[in-house]
Amino acid sequence: MESKTSANFLQTIVEEDLREGRVKDVVTRFPPEPNGYLHIGHAKSISVNFGLAERFGGRCNLRFDDTNPEKESQEYIDSIQEDILWLGYRWEGEPRFASSYFGQLYAWAEHLVRESLAYVDDLSAEEARQLRGTLTEPGVNSPNRERSVEENLDLLRRMKAGEFDEGSRVLRAKIDMASPNMNLRDPILYRIRKIPHHQTGTDWVIYPTYDFAHGQEDAIEGITHSVCTLEFEDHRPLYDWFLEHLPVESRPRQYEFGRLNPSYTVTSKRKLKQLVDDALVASWDDPRMPTVSGMRRRGYRPAAINRFCEMVGTTRKDGVVDVAMLEFAVREDLNEHAPRGMCVLNPLKVVLTDYPEGQVEELRLARHPSREELGERGVPFTRELYIDADDFRAEANKKYKRLVLGKRVRLRGAYVIEARDVVTDADGNPTEVHAVVVPDTVGKDPADGVKPKGVIQWVSAEKGRRAELRLYDRLFNVEQPGRGGQDFLEDLNPDSLQVVKEAWIEPSLAAAKPEEHFQFEREGYFVADRYDHSEQAPVFNKTIGLRDTWGGS
RNA sequence: UGGGGUGUCGCCAAGCGGCAAGGCACCGGGUUUUGAUCCCGGCAUUCGCAGGUUCGAAUCCUGCCACCCCAGCCA
């Protein structure tokens with residue numbers, strides 16, 4: 001099960017820090033802003049942060065980086081916790097909130113003012129942008145840059161007291177307007193936002209920016225290794241600047257790794273939100289979404305997602321990972337864990353003309369081909385059955401290993417049958433196949449030595465149950481939706497959802513519990529829908545098809 | 001055209017001066033009451049390019065090239 005993987009660069013760093021005594025205990029954190037649902041990229045970050053702590057006997061905090069009440073909400077806070085727990089991770093103690101450090105952060109802001117390292121600026125956003133310079137030209141100092149400590153302190157306190165309008169003033173660090181690193185051109189520490197915060201209500205009208213908050217939050221919590229993604233690399237000098245100039249009690253270090261971008265999907269929150277808002281998908285947890293809750297509803301198990309995250313590795317390289325790798329992890333996991341069952345998607349009736357009417361044989365079939373401990377289930381066999389329409393042809397070449405007129409096929413776990421006749425509709429499509437049972441072939445080959453070439457699934461027409469099946473395919477048609485500056489919606493796959501209203505399932509399947517996983521033999525892996533499935537009205541979502549190496553037809 | 005990163009098989013990824021791991025995908029073959037699983041085998045004389053150092057380089061040096069990130073009072 002455990003495949004051998006060499007240590008990644010983060011593990012190497014931690015190992016060295018431990019060995020050299022730079023840190024005693026590893027403390028990491030997963031710091032989402034509660035402004036959306038977690039997706040596969042977050043799962044990777046969770047795997048990295050919790051995984052690092054786990055591997056070295058340390059701890060990992062969950063911290064909501066709620067420094068901007070504008071786009072945040074309790075709904076997201078709840079879903080994020082649910083998703084992390086579902087993935088199988090446990091954070092240290094209670095969830096933390098950046099907002100609970102607002103008092104300390106503010107005190108540190110005053111400290112910087114007193115040290116003449118921060119000032120209140122009256123420039124409008126537009127004016128500030130003008131003075132910031134460009135990537136190739138240095139910026140220009142704000143006319144307010146040299147205010148006295150007293151005046152700055154007074155202004156800052158009045159900002160906090162709510163005396164000024166939104167946008168009229170900000171607190172900035174006094175660093176270097178000519179720095180080649182844009183983040184060091186007097187970055188903003190506080191801005192005025194007169195809207196209620198989901199945690200602190202109306203206590204505050206000024207909010208710290210990410211830059212002024214993150215490193216200090218890490219320091220407060222005693223984080224040793226603050227791991228984030230590559231786009232924050234340029235922020236590291238600023239992260240360090242604050243820790244150097246503030247009386248913090250610990251010294252966290254920031255490290256960055258490359259984001260996880262699977263092909264054929266999108267992971268930007270903006271795009272995911274648009275898919276939901278424009279009703280292109282049903283919800284954040286639509287089974288086609290790359291969200292954690294979407295993958296859950298689709299039928300991916302946490303083990304598969306975690307395995308995938310490990311499989312792709314952790315490096316400083318940005319790239320696109322083939323979804324086939326995720327799909328492999330999902331199949332590998334489900335192949336081992338999902339009990340088998342039979343389901344007919346596109347029913348074609350078969351009448352066994354020599355089988356007694358009303359007779360029912362309760363066959364015993366293993367739930368899993370290699371895991372005996374999973375036991376057996378009873379499958380009723382009757383005179384009238386359904387097989388898949390694709391599994392019958394009046395005539396076919398020798399490569400076709402299913403039922404052909406005049407030929408034999410094995411009904412999975414049951415008898416070998418031989419097709420004798422076919423009834424067709426006006427268009428010549430088969431509507432009913434008449435066949436006979438080859439005697440004494442349950443668990444045995446035919447006595448006459450004429451072995452069938454193939455095996456197909458079937459469901460008793462009398463005892464089987466109807467079920468709704470939701471078949472999902474990739475949400476996008478191209479590897480990198482929107483690549484080349486085009487609208488990513490242009491790349492949507494119009495056939496990503498297909499609903500089969502009346503599939504037939506073997507009776508025991510109706511009793512499945514929501515979120516129970518199965519392999520419908522020869523069709524793929526399915527999961528009983530988390531919300532819509534019931535014994536009375538079974539609903540299954542197709543997680544993923546079986547690997548199919550059959551070339552022709 | 002400033003700064004910061006990254007370039008090893010179609011994709012991911014080991015490798016850190018001694019002569020290219022592994023996984024996914026793909027292609028063969030075997031087993032099989034799932035055209036699944038499983039099992040065997042194949043798949044980079046070459047490491048973005050060009051020079052240089054060295055007995056010896058993907059690994060060191062120099063110079064190019066390509067791609068990604070940064071000019072939110074977002075994170």
Side-chain angles (χ1 to χ4, degrees), chain A residues 3-8 31-33 35 65 67-68 70-71 121 123-125 128-129 132-139 166-172 178-185 187-193 206-207 209-211 213-214 228-237 256 258-260 263 269 308 311-329 331-332 335-336 340 342 365 369-370 399-402 409-414 416 441-445 451-457 479 519-524 545-551:
Chain A
S3 55
K4 162 183 291 186
T5 50
S6 32
N8 64 49
E33 183 190 16
N35 67 346
D65 215 356
T67 55
N68 182 0
E70 230 165 2
K71 301 172 293 179
D121 200 349
L123 258 30
S124 69
R129 192 174 64 75
R132 191 151 33 230
T134 68
L135 295 178
T136 52
E137 305 162 87
E166 273 191 30
S168 64
R169 286 191 160 82
V170 292
L171 181 71
R172 303 178 72 175
S179 172
N181 181 342
M182 298 298 290
N183 297 118
L184 264 20
R185 320 248 262 226
I188 289 168
L189 275 45
Y190 270 95
R191 67 296 209 185
I192 300 169
R193 277 278 181 294
I206 58 172
Y207 291 95
T209 54
Y210 164 84
D211 285 311
H214 207 94
C228 59
T229 42
L230 243 28
E231 69 269 25
F232 291 102
E233 198 169 16
D234 291 342
H235 293 247
R236 193 172 56 218
E256 312 85 18
R259 276 195 122 84
L260 171 58
S263 56
K269 260 181 205 171
F308 168 65
M311 231 169 103
V312 299
T314 307
T315 68
R316 287 176 60 81
K317 190 174 140 195
D318 260 324
V320 174
V321 174
D322 194 341
V323 274
M325 231 188 268
L326 209 208
E327 295 174 344
F328 168 82
R331 287 194 185 99
E332 182 185 50
N335 178 51
E336 185 182 346
R340 312 289 128 124
M342 291 194 286
L365 272 68
S370 58
K399 283 192 175 171
Y400 187 76
K401 310 199 321 192
R402 312 174 187 185
V409 79
R410 157 79 63 186
L411 293 178
R412 169 109 249 227
V416 171
T441 47
V442 176
K444 296 179 192 167
D445 283 331
K451 288 199 271 190
K453 281 197 301 188
V455 182
I456 62 175
Q457 79 275 21
E479 280 190 41
Q519 182 197 102
F520 291 169
E521 288 186 292
R522 299 211 310 131
E523 291 292 353
L546 258 26
R547 186 162 165 267
D548 183 7
T549 52
W550 186 37

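All chains are named by letter (A, B, ...) in the order of the sequence lines, taking the proteins before the strands, and each is independently numbered beginning at 1. Every heavy atom of this structure was used, including side-chain atoms; hydrogens, water molecules and symmetry mates were not.
In this structure, A:R132 reaches the sugar-phosphate backbone alone: every heavy-atom distance under 4.0 Å involves primed, P, OP1 or OP2 atoms, never a base. At a threshold of 4.0 angstrom between heavy atoms, the contacts of A:G319 are confined to the sugar-phosphate backbone, with no base atom among them. Nucleic acid contact class of A:V170 (heavy atoms, under 4.0 Å, all strands): base. Residue contacts shown for A:Y207 are absent, as no nucleic acid heavy atom lies under 4.0 Å away. Within 4.0 Å (heavy atoms only), A:G443 reaches at least one base atom of the nucleic acid. If you check every strand for non-hydrogen atoms under 4.0 Å, A:L260 touches nothing. Contacts of A:T229 with the nucleic acid, taken as non-hydrogen atoms under 4.0 Å apart, are absent.
Positionally, the nearest nucleotide of RNA chain B for A:D318 lies more toward the 5' end than for the other of A:R129 and A:D318.
In this structure, A:W550 counts as stacked on the base of B:G35 under the 5.5 Å centre distance and 30° plane angle limits.
Glycosidic conformation of B:G72: syn, with the torsion inside 90° of 0.
In terms of phosphate contacts, A:R547 brings a side-chain nitrogen or oxygen within less than 4.0 Å of OP1 or OP2 of B:U37. A close approach under 4.0 Å does not occur between any side-chain nitrogen or oxygen of A:R191 and OP1 or OP2 of B:G72. Put simply, A:R522 has no side-chain N or O that comes within less than 4.0 Å of OP1 or OP2 on B:U37. Residue A:K317 places at least one side-chain N or O under 4.0 Å from the OP1 or OP2 atom of B:U8. Remark: A:T67 is in phosphate contact with B:A75, judged by side-chain N or O atoms under 4.0 Å from OP1 or OP2. Contact between the side-chain N/O atoms of A:R259 and the OP1/OP2 oxygens of B:C69 is not found at any separation under 4.0 Å.
Applying the 3.5 Å distance criterion, the base of B:G4 shares no donor-acceptor pair with the side chain of A:R236. Between the side chain of A:D548 and the base of B:G35 there is no donor-acceptor pair of N/O atoms closer than 3.5 Å. The base of B:U34 is not paired with the side chain of A:E523 by any donor and acceptor separated by under 3.5 Å.
For the P atom pair drawn from B:A57 and B:G48, the interatomic distance equals 15 Å after rounding to whole Å. To the nearest whole angstrom, the two C1' atoms, one in B:G10 and one in B:C26, are 9 Å apart.
Of the candidate nucleotides B:A75, B:A13, B:G2, B:G2 has the atom lying nearest to any side-chain atom of A:T136.
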Protein-nucleic acid N or O pairs under 3.5 Å, nucleotides 14-16 of chain B:
unit_1, atom_1, unit_2, atom_2, d
B:A14, O2', A:S6, OG, 3.4

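When the P atom of B:U33 is taken as reference, atom CZ of A:R340 falls 16 Å away, rounded to whole Å.
The aromatic rings of A:Y210 and A:H235 sit perpendicular to each other, their planes meeting at more than 60°, with 30° as the lower class boundary.
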